Each structure stands twice: as structure tokens, then as C-alpha cells.
> 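I am attaching a structure below and will ask some questions about it afterwards.
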Amino acid sequence: MIPENAEDDLLAERRAAGVWTFSDTPTGPYSVAREALVAFKFGGTSLLGAERMRHAADLVRPVAQLMQVVVVVSAMKGVTDRLLGIAQALAEGNSQCARADAEAVLHLHLGVLRDLSLDSDDHDRVARELNSLGRDLLHEVSSPRHSVSAAAEFVDRLASYGERFSARLFAAALERSGVPAVPVSSSEFILTCDTFQDAKPHLEQTRQRGREVLLPLLADAIVPVVTGFIGATADGRITTLGRNSSDFSGAIIAHVVDADELVIWTDVDGIYTADPVESAQARLLHDLSYEDAHALALSGAKVLHPRVLPLAQETEMTVWVRNTFKPHVRGTRIAPLGAQQCCAPASKESA
């Protein structure tokens with residue numbers, strides 16, 4: 001297995017370069033309020049391209065001035081499908097096509113980096129990070145496959161690159177907006193079984209390991225930008241939690257750091273009584289208890305990944321579903337009965 005880029009080395013490089021000088025970041029009157037902690041999870045549509053990454057960073061910035069924030073990111077929309085397509089091309093013996101597609105994935109992310117318009121030193125630093133990941137990806141694609149039994153493990157390694165590229169770019173977008181940030185690979189601490197492509201996390205060990213990684217960053221007023229979707233076995237082999245598991249990843253990270261709230265930023269206004277595309281009678285639901293949300297899910301409504309709410313209930317965490325592109329819309333709040341709003345961004349729209 002090709003070892004993943006060492007995030008510890010990246011962290012040391014950034015400290016040595018003086019990338020984080022939080023005292024230089026205007027915090028206004030909010031610097032005294034650091035008790036609350038919120039987890040933001042951004043889906044692939046929310047991060048598709050430099051403009052959307054800058055917009056998402058603008059959602060994080062004011063909240064990071066008020067409280068501690070950890071961010072969980074998906075791959076940019078379409079990237080995971082492209083990576084799985086590379087695996088399929090290799091399985092069919094089309095190595096030339098697979099290599100060309102891998103190069104295209106790298107250049108896609110380098111193009112986003114260019115469009116982020118960082119200053120030259122930051123651009124060069126992040127470009128080195130992306131090119132290093134790209135070399136690892138191309139090495140994976142070029143290496144001979146040794147056994148059919150290793151196919152699922154190989155697919156997971158390939159699929160993980162989307163989030164790893166995305167985390168580096170979004171951390172750069174945050175820093176461009178004045179928010180100290182560092183990319184963190186969740187495979188450093190999310191410990192899973194070895195059921196590749198549908199791995200189950202060992203939550204207690206994940207929590208212990210994750211707190212060692214994330215809490216020091218939060219204590220230093222740095223926003224960790226954590227990869228969703230991926231974990232690793234006890235012996236370090238990368239796994240994925242299954243397709244459409246990024247909301248679950250957000251809940252895991254929020255659970256690890258004892259977040260007060262988890263805000264799932266997506267491309268819909270919240271949770272509806274029915275699919276609004278299919279039903280003109282569909283209504284946006286502003287407030288739900290855990291029990292309400294569970295009942296909706298049992299009735300067939302698309303709510304959240306089925307493992308999000310049980311995890312949130314363990315610590316009575318509030319979960320929001322909000323639209324990245326309509327941040328003025330309040331969205332849907334899922335919380336214990338009688339819970340009060342703590343720290344989600346205010347909305348101009350009434351409930």
C-alpha cells in the first residue's frame with residue numbers, strides 16, 4: 001500500500017512557514033466566546049469549484065469568530081464517480097484510459113486551486129500538496145494488480161482521493177478568507193473493520209484517537225478540515241464507509257469532538273414531508289424531534305443517513321439541514337424535545 005501523505009509533516013511545514021497567525025485575523029468582539037463547538041459538513045455540490053468553495057468558506061468565517069468549528073468535507077461532486085470509473089477501467093484492462101482519467105482528476109483540482117486566487121506562496125504550497133497526492137494516485141493506477149481478493153481494498157484507496165484533494169483545497173479557501181485551517185485525513189483516527197467499501201467504524205476507539213488529533217487544533221483556534229467518507233483498519237489500510245455516507249462521517253466527527261451542533265450544508269432547503277420535486281403538497285419542516293425524524297424515515301421520507309440520528313442522540317446534539325446556496329433560509333432543526341437553539345447561524349427567514 002502506498003502510504004498516505006503524512007499530515008503531521010504538512011502541519012509542521014505550515015507552522016514553520018507561519019501560515020497561521022490567528023492574532024492577525026480580525027475577530028472583533030467575538031474572541032471571548034469560545035465555549036461552544038459546531039461541526040459543519042459540506043457535500044460535494046457545495047464544494048464544486050473555487051467559487052462555491054469561497055462561498056462555503058464565507059459561511060464558516062463568521063461562526064469561527066464566535067466559537068470553535070470543525071469542518072467535514074465530501075469530494076467535489078462527480079469526483080468519486082470518476083475515481084470508481086478508473087477502478088472499473090483497470091478491471092477491464094484499460095490501463096491507458098485509467099491513467100488519463102487519473103491525470104484529469106489531478107488537473108481538475110489544480111484548476112480549482114488556480115481559480116481560488118491565493119497569493120503565490122500559498123498557491124505554491126498547496127500545489128505541492130495536490131501534486132504529491134496526484135503522484136500517489138498515478139502510482140496506484142500504474143501499479144500491477146496482484147489479486148482479485150484485493151480488488152475492494154484497492155477501490156477504497158482510489159475512492160479516498162476525492163476527499164483528500166477536497167480537504168486541502170477547502171483548507172486553502174478558508175485560509176484565504178482569514179480563517180486558520182489545516183486539512184486532516186480521517187483515516188488517521190477513524191478506526192474501522194476491514195469490510196472494504198462498507199466499513200463499520202469502531203466508535204469508542206475512533207473517539208479516543210480523534211480527540212488526540214482534533215482537540216489540540218481546536219485549542220489553537222485552527223479549523224480542522226476533515227475528510228468525510230474514509231477511515232482505516234487497525235493496520236492502516238484505507239477503508240470507506242459506503243456510498244452516501246458523508247452525513248454519517250459528519251456525525252462521527254461531531255461526536256468525537258462533543259460538538260453542540262452539526263450543520264449539514266447541502267443543496268436543498270431542509271427536510272420535507274415528501275419529495276418536493278414529485279409532490280406539490282410537500283412542506284418544509286422547520287423543527288423536528290429525534291422521534292419525529294425517525295418516524296419520517298420509517299415512512300419512507302428521505303431524511304438523513306440512518307446512523308446520524310442515533311449518534312446525535314447519544315450526546316443530545318442538535319442537527320441542522322441547511323441549503324448552502326440559500327443561507328438566509330433557516331432549514332430544518334432536529335433536536336431533543338424542548339432543546340433550545342445554541343449556535344447555528346441566524347436566519348433572516350422566520351420559522
Side-chain angles (χ1 to χ4, degrees), residues 7 10-11 13-15 17-28 30-31 34 37-76 109-110 112-130 133 162-186 213-214 216-228 246 249-250 253-254 257 259 262-265 322 324-325 327 343 345:
E7 259 75 10
L10 171 60
L11 186 57
E13 178 187 349
R14 288 176 174 227
R15 288 190 189 280
V19 171
W20 302 306
T21 49
F22 193 64
S23 59
D24 294 338
T25 303
T27 56
Y30 310 121
S31 56
R34 282 282 174 183
L37 197 161
V38 62
F40 277 9
K41 182 267 169 181
F42 289 101
T45 304
S46 300
L47 301 175
L48 183 55
E51 182 178 357
R52 292 186 180 184
M53 285 199 179
R54 286 194 297 266
H55 173 70
D58 287 341
L59 296 175
V60 175
R61 186 179 66 251
V63 181
Q65 293 174 340
L66 285 164
M67 64 197 71
Q68 293 179 322
V69 180
V70 59
V71 172
V72 182
V73 295
S74 297
M76 291 195 303
H109 291 89
L110 288 172
V112 173
L113 171 61
R114 180 194 63 236
D115 294 342
L116 283 175
S117 302
L118 308 181
D119 66 41
S120 59
D121 288 345
D122 288 341
H123 177 279
D124 291 347
R125 171 178 51 78
V126 180
R128 288 196 300 272
E129 298 169 14
L130 297 183
L133 267 182
E163 276 73 13
R164 291 157 68 188
F165 279 123
S166 183
R168 284 160 172 79
L169 286 170
F170 192 61
L174 283 173
E175 290 183 328
R176 179 186 182 275
S177 74
V179 177
V182 61
V184 177
S185 176
S186 53
V213 173
L214 299 177
L217 294 173
L218 292 167
D220 286 344
I222 296 165
V223 174
V225 180
V226 186
T227 55
S246 57
S249 298
I253 305 307
V257 297
L262 166 63
V263 185
I264 296 174
W265 291 100
R322 303 190 67 197
T324 308
F325 310 108
C343 51

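Keep in mind it's a predicted model, so treat the numbers as computed, not measured.
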> Atom CG of L113 and atom CZ of R125: how far apart are they, to the nearest 0.5 Å?
9.5 Å
> Answer yes or no: is there a donor N or O on one side and an acceptor on the other, between the side chain of D119 and the main chain of D121, under 3.5 Å?
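Yes; at least one donor-acceptor contact below 3.5 Å.
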> Applying side chain to side chain contact (heavy atoms under 4.5 Å, CB included) between I253 and each of L262, V72, V184, report the one that passes.
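Of all the options given, the one that passes is V72.
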> If the plane angle is over 60° it's perpendicular, under 30° parallel, otherwise tilted; pick one for F325 and H55.
parallel
> Rounded at 0.5 Å granularity, tell me how far CG in L218 sits from CD in Q68.
5.0 Å
> Do S246 and K41 have side-chain N/O donor and acceptor atoms under 3.5 Å apart?
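On atom types as modelled, these side chains qualify, holding a pair under 3.5 Å.
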> Between S166, S186, S74, which is the residue that forms a side chain to side chain donor-acceptor pair (under 3.5 Å) with T227?
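The side chain to side chain donor-acceptor pair (under 3.5 Å) with T227 is passed solely by S186 among S166, S186, S74.
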> For residues F40 and V223, determine if any side-chain heavy atom of one lies less than 4.5 Å from a side-chain heavy atom of the other.
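Answer no - side chains too far apart.
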> Rounded to the nearest 0.5 Å, what separates atom CG in L133 from atom CZ in R168?
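Taking CG in L133 and CZ in R168, the distance rounds to 4.0 Å.
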> For D124, check side-chain contact (heavy atoms from CB on, under 4.5 Å) against everything at least two apart and list the hits.
R128
> Would you mind listing every salt bridge (charged side-chain N to carboxylate O under 4.0 Å, His left out) that reaches into residues 58-76, with sequence neighbours excluded?
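Only D58-R61 qualify under salt bridge (charged side-chain N to carboxylate O under 4.0 Å, His left out).
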> Rounded to the nearest 0.5 Å, what's the gap from OG on S185 to CZ on R164? Could you check?
6.0 Å
> Among all residues two or more places apart in sequence or in another chain, which pass the side-chain contact (heavy atoms from CB on, under 4.5 Å) test with A75?
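A75: side-chain contact (heavy atoms from CB on, under 4.5 Å) contacts with V79, T80, E163.
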> Hey, are the side chains of L37 and M67 touching, using non-hydrogen atoms and a 4.5 Å cut-off?
no
> In Å and rounded to the nearest 0.5 Å, what is the CG to CZ distance from D115 to R54?
7.5 Å
> What's the spacing between M53 CE and L169 CG if we round to 0.5 Å?
4.5 Å
> Work out which heavy atom in A181 is nearest to a heavy atom in V225; give both atom names and the distance.
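Closest heavy-atom pair between A181 and V225: CB-CG2, 4.2 Å.
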> Using side-chain contact (heavy atoms from CB on, under 4.5 Å) as the criterion, list what pairs up with A56, not counting sequence neighbours.
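For A56, the residues satisfying side-chain contact (heavy atoms from CB on, under 4.5 Å) (neighbours in sequence not counted) are F42, L47, F170.
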> Please report the closest heavy-atom contact between A57 and A173, naming both atoms and the distance.
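Heavy atoms only, the tightest pair is CB-O, 3.9 Å.
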> Restricting to side-chain hydrogen bond (donor to acceptor under 3.5 Å, both in side chains), what partner residues turn up for T324, sequence neighbours left out?
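In terms of side-chain hydrogen bond (donor to acceptor under 3.5 Å, both in side chains), with neighbours along the sequence ignored, T324 is linked to S46.
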> Using the test side-chain contact (heavy atoms from CB on, under 4.5 Å), find all partners of L48 that sit at least two apart in sequence or belong to another chain.
R52, M76, K77
> So do the side chains of V263 and L59 get within less than 4.5 Å of each other, counting heavy atoms only?
no
